[in-house]
Amino acid sequence: MHSAVLLIEFGSIILGLGLLGRFAGRYRLSPIPLYLLAGLAFGEGGLLPLGASEEFVAAGAEIGVILLLLMLGLEYTASDLVTNLKSHYPAGLVDCALNAVPGAVAALLLGWSPVAAVVLAGVTWISSSGVIAKVLGDLGRVGNRETPVILSVLVLEDLAMAVYLPIVTALVAGAGLMTGSITLAVALAAAGAVLFVALRYGRVISRFVSSDDPEKLLLVVLGLTILVAGVAQQLQVSAAVGAFLVGIALSGEVAEGAHTLLSPLRDLFAAVFFVFFGLHTDPASIPPVLLPALALALLTAVTKIATGYWAARRSGISVKGRWRAGGALVARGEFSIVIAGLAVSAGIEPSLGPLATAYVLILVVLGPLTARFTEPLASRLFRRRDNPDRPGGVPDGTPQTAGAEASVGD
C-alpha cells in the first residue's frame, strides 16, 4: 500500500512538472518559479501535503543538485577556466562586491546571525546560468559581442562556488575555525588537483571514459559523478563541488556526448530539486518576508546591471551592448536555491528559506524582462537627457554615433 501511494504521489509530481514546463515554454518563461510554487502547494501548509514520497523526492533533489553542477562543469575546459581567471578576474571581484555585500548587509539589518549573512550573500551574488543561457537563446543574442562578457562573469561565479560552497558547508555545520580551515584547504587542493590533472591528462581521462555506446557512456559518467560527489561530501567539501570538478575534467567529444545524454536527466531532477525546496517552505511564512525580499531583489537587480555594464565597458563593448550585458545578468535561480538549501537543511535562521524563495521568484520572473528591456529603456532615457527638446532625443537628419548603432554584433 505504501509503495502504491509513493508511485501515485511521485507520478503526480512528475506529470504536474511536465505540464508546468509546457505552460512556461509556451509563454517563453523560465519554469523555475512554477516549480517552486508547486513545491509550496505540496509542502506543509500547502494545498495538498505529501506524505509517502517525501524521502524519495529528497533523494531526487540531491541528484538534481549534482547534475546541475556537473552540466555546468561540462560547459568549460580547464584551459577555458584558467584563461577566464587571468583575463576577467576584475569583473568577478566587482560582481562579488556589488552583489554579495547587499545580501550580507540585509541579513545583519534583519538581525540574523553572521552565518546567515554569509549564506544570504551567496544567494544574492550568484546569477542563474540556466535562465540566462535560455534567455540569450530566446532573444537571439548568442552571437552578440557582449555575450562572451556575460559568460565570463558566469564562469567566474561558477569557479567561486568551488571555494564558497565548502565555506558555507563548514559554517552551517557549526565547524570551528580549525575544522573550517581544513575543509577549505581540502576543497582548494581538490580543485587545484583536478585543474592540473585536467590540463595535463584531460585527453587521457576522456579516452578512458569515452564509449561509442550511449548507454555505457551514460552509466560511466553518471556513476563516476555520483561517486566523486559522495566522496567529496564525506570529506565535508560539497557534493556539488565534486560534481562540478568531474565536469571540468571531461572534455571534447566525451563532454559533448555526456551533455546530450544527461540533459534530460538534469532537467528532471533539477525540477524535483526546486519542488523539494518548496516543500520545506511554509507558504504562510512568505508574506512576512515579502517586502524585504522585494527591496533586496530590486537593489540587486540594479547592482547586477551595473556589474554587466562595467564588465562590458572594460572589454570595449559599445553602450547598447553594455546595457544588454547588465540586463541579462539579473536572473537568480538554481544556485541561490542550492545555497539557501544548505542553510535550511541545517536549521539556520527560519526566515532564510522563505526569503530566498520569494527573492528567487521575483528575480527569475524579472530577469527575462530586464534582459529584453534594459537596453531600449536606457537608450530612450539617456537620449532624452541629451536632447530634452525632442521626444526621440536625436535631431532630425542627425546620424547616430557608432556606439548607439543597433546591430546583432553590437
Side-chain angles (χ1 to χ4, degrees), residues 28 30 83-102 124-129 131-157 297-332 362-410:
R28 300 175 68 180
S30 167
T83 301
N84 274 290
L85 276 175
K86 290 181 178 179
S87 303
H88 299 287
Y89 73 89
L93 296 176
V94 170
D95 182 29
C96 178
L98 291 182
N99 298 286
V101 172
T124 59
W125 175 15
I126 307 297
S127 297
S128 172
S129 300
V131 174
I132 291 170
K134 186 177 188 307
V135 169
L136 291 176
D138 290 343
L139 296 178
R141 296 182 184 175
V142 175
N144 281 24
R145 286 187 59 202
E146 74 273 4
T147 298
V149 176
I150 297 170
L151 296 178
S152 295
V153 173
L154 296 177
V155 169
L156 289 168
E157 290 181 350
L298 294 177
L299 173 62
T300 53
V302 173
T303 55
K304 272 292 181 182
I305 292 174
T307 298
Y309 187 97
W310 186 89
R313 180 181 179 181
R314 181 174 177 272
S315 297
I317 307 300
S318 67
V319 175
K320 284 193 172 186
R322 298 171 197 172
W323 287 117
R324 288 196 294 266
L329 287 170
V330 167
R332 311 305 202 274
I362 293 169
L363 286 184
V364 83
V365 173
L366 184 62
L369 297 178
T370 59
R372 181 172 303 204
F373 297 114
T374 296
E375 180 265 314
L377 288 176
S379 297
R380 290 187 62 183
L381 175 63
F382 287 105
R383 279 203 299 266
R384 286 182 177 180
R385 283 187 178 181
D386 294 338
N387 300 274
D389 294 334
R390 291 187 178 275
V394 180
D396 293 340
T398 302
Q400 294 180 344
T401 62
E405 291 175 355
S407 66
V408 174
D410 197 9

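The first residue of the sequence shown is numbered 1, and numbering continues consecutively from there. The model shown is predicted, which means the values in this text are computed figures rather than measured ones.
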- Item | side-chain contact (heavy atoms from CB on, under 4.5 Å) assessment of T300 paired with L363 | CA-CA 9 Å; T300 53; L363 286 184; 3.9 Å; yes
- Task: Drop me the distance from L366's CG to L298's CG, to the nearest 0.5 angstrom.
- Result: 7.0 Å
- Rounded to the nearest 0.5 Å, how far does CH2 of W310 lie from OG of S315? 8.5 Å
Identify the two heavy atoms, one from [X] and one from [Y], that lie closest to each other, and give their separation to 0.1 Å.
| X | Y | result |
| --- | --- | --- |
| L98 | A306 | CD1-CB, 4.2 Å |
| D95 | V153 | OD2-CG1, 3.7 Å |
| A371 | V135 | CB-CG1, 3.5 Å |
| P102 | A97 | CD-O, 4.1 Å |
| G321 | A312 | O-CB, 4.4 Å |
| I132 | A328 | CG1-O, 3.1 Å |

- Looking only at side chains, do T303 and N99 share a donor and an acceptor under 3.5 Å apart? yes
- Could you tell me whether a side-chain N or O of T370 sits under 3.5 Å from a main-chain N or O of G327, the two making a donor and an acceptor? yes
- Item | Any residue meeting side chain to side chain donor-acceptor pair (under 3.5 Å) with S127, in chain and number order, not counting sequence neighbours | K304
- Query: Partners of T374 by side chain to side chain donor-acceptor pair (under 3.5 Å), sequence neighbours excluded?
  - Reply: none
- Message: Let's go through N144 and R324 carefully: what are the C-alpha distance in whole Å and the side-chain angles of both, what is the deciding distance for side-chain contact (heavy atoms from CB on, under 4.5 Å) to 0.1 Å, and is it a yes or a no?
- Response: CA-CA 10 Å; N144 281 24; R324 288 196 294 266; 3.5 Å; yes
- Message: Run the side-chain contact (heavy atoms from CB on, under 4.5 Å) test on F382 and W323 for me, step by step, so that the C-alpha distance in whole Å, both residues' side-chain angles and the decisive distance to 0.1 Å come before the verdict.
- Response: CA-CA 12 Å; F382 287 105; W323 287 117; 3.3 Å; yes
- Worked check of side-chain contact (heavy atoms from CB on, under 4.5 Å) between E146 and R322: CA-CA 7 Å; E146 74 273 4; R322 298 171 197 172; over 6 Å; no
- Contact check, side chains of L154 and L329, non-hydrogen atoms, under 4.5 Å: yes
